[in-house]
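Whatever order the structure lists them in is the order used to number ligands and atoms, beginning at 1. Worth saying up front: this structure is predicted, and the values here are computed from it rather than measured. For the numbers below, each heavy atom of this structure counts, side chains included, while hydrogens, waters and symmetry mates do not. This chain uses plain numbering: 1 for the first residue, then up along the sequence.
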Amino acid sequence: MQDAVVTCFGGAYAGIDPELRPATRPEFGHLQSNLPLRLAGPLGLPPQDIGARLIDAVDISTSSIHRLGGLGTLELAGAGFINVTWSPSVLGAAVRDLLTDPHLGVPAQESPKRVVVDYSSPNVAKQMHVGHLRSTVIGDALARVLTCAGHEVVRQNHLGDWGTQFGMLVEELLGEDLRDPAAVAGLDMAELLALYQRAKVRFDDDPGFADSARRRVVALQSGEPTTLALWQALVDASMTEFDAVYSRLGVLLTDDDFDGESRYNDRLPRVVDDLDALGLLTESAGAQVVYPDGFTGRDGASLPLIVRKSDGGFGYAATDLATIRHRVDDLAVDRVVYIVDHRQSQHFEMVFAVARAAGWLPDSVEVHHVGFGTVLGPDGRPFKTRSGETVTLTALLDAAEEAAAASYAGPEVVRMVANAAVKYADLSNHLARDYVFDLTRMSATTGETGPYLQYAHARVCSILAQAPQQTYAAGTPHHPAEQRLALELAGFAPVVAKVADTLEPHHLTAYLYGLATALTAFYESCPVLKAEGEVRETRLGLCEATRRVLSTGLGLLGIEAPKRM
Ligand code: ARG
């Protein structure tokens, strides 16, 4: 319908949303748009004329409304509405397709892309905090959706496991006579944090220690065995802690996905040398920098991307440049997706610009920074503990489990509900938006929440369990609530494609909520188990198709779909 608007009324109206909504009454068809009414003002034309022209221009076989195997019809109605209607047999066929297709209508990719999803990426010897929660949850959902859409996904956990702080940490270990790598690798998160704090205090207070810490960085970078063994032990200890969080959250990340900054250490000098050879490098206050085109600060001066600091150390940006080269040259990716806090968006834009300018990132490779907003506390400010510290991810998950335990019993169910509450709330917000971590609202079993969708799934499972049968021969839906449910079901494949394309998981959360709402409306007016004959078959078929779409859809969000709860 968007195309038709442009055809009829020009590019000024490109991208206008037809806002197709379920029709308020059965005689209005299945979906309804008030677009002619909305355009009447700006166009200065009677809505009926606008509607008639739009209906003439819409090619429904290519329109986004067309998500069913057969054509719907468009009709002008009322003061300026367009009604869209499908024949009941087309709706029935769409449900039957879902019952026979294990991919639920998601087509095979004609040209599958190899996509790196760079996500979670916490820092060694530090706690994972709420920012890493968002990266982990969003990245995991996107990795699942892209895989479902037929792409080949390479997960990369770009661990912060390198840098000057390790000089300080290793020096502290040696100073405390903690020289046994096996013992260091066994430290838990609390012990690692305490070590970090002790090292930091000494680094700030004792210039002699700070000097040795700096020399220790050089030893680490040149691969001195004792230093390297202790560094590795610190990384191992942290990885054990991160893995515990990943398995608690039920995310896909494993040890094979760790692709930390340290991996790129050997490639950093080449980044600088090659930039120099390309004539892109400039010296600024002793540092080696690149000024990519189009980046200026508030004062209008060009912004530098620092690749080598004045002390000779390579920074975060140099590592990201080396990482891009590895992904393009060695992994042969088509698309790279970074899921990182929106505060790093300028860093990524500049890194991408430099990589393009250097010819390391060909036009054929797409890169996206999927930024996201901040998690806020109940006071509407960035989430902090009472003493003003960043809230750790573990503390947050503990709180979510406590909230779930108020309504559910049994550790497994509690964890499942808590994860659903946290993940759904996170994914259902527009990425860029900050949101308040309100456990009461997130954990409620009514409203737009993860537990509500789990409940909808469990409820449909319990109906199906009372009518065990091998096959579901869905017939033609006649009741408007049956038809609306069928129509919602047909929207699954398009929404998967939309999320894979836009990298915005909230389309899928909204879709599943709409499906659950249609299911509730269906229950209210269409008895399933008490119905007979073909009507019963059709309704059971609708229940089974809904069960499949809900469980697959929740699965794509990384949310478990329980049979009972
Ligand atoms: N470790 C970084 C942080 O905690 C995130 C890394 C994101 N990925 C990347 N390729 N830079 O802020």
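- Between the side chain of T227 and the backbone N or O of G223, no donor-acceptor pair lies under 3.5 Å.
- Formation of a donor-acceptor pair under 3.5 Å by the T552 side chain with backbone atoms of V549 is not found in this model.
- The main-chain N or O of D398 is never found under 3.5 Å from a side-chain atom of E401 such that the two would form a donor-acceptor pair.
- In this pair, Y338 and F352 present their aromatic rings tilted. The plane angle is within the 30 to 60° band.
- Contact shell of ligand 1 (protein heavy atoms, cutoff 4.0 Å): D118, S121, N123, H132, H158, Y316, D320, Y338, V340, Q344, F348.
- The backbone N or O of A149 sits less than 3.5 Å from a side-chain atom of Q109, completing a donor-acceptor pair.
- Ion pairing of R179 with D177 is present here, as a side-chain N (NZ or NE/NH1/NH2) and a carboxylate O approach within less than 4.0 Å.
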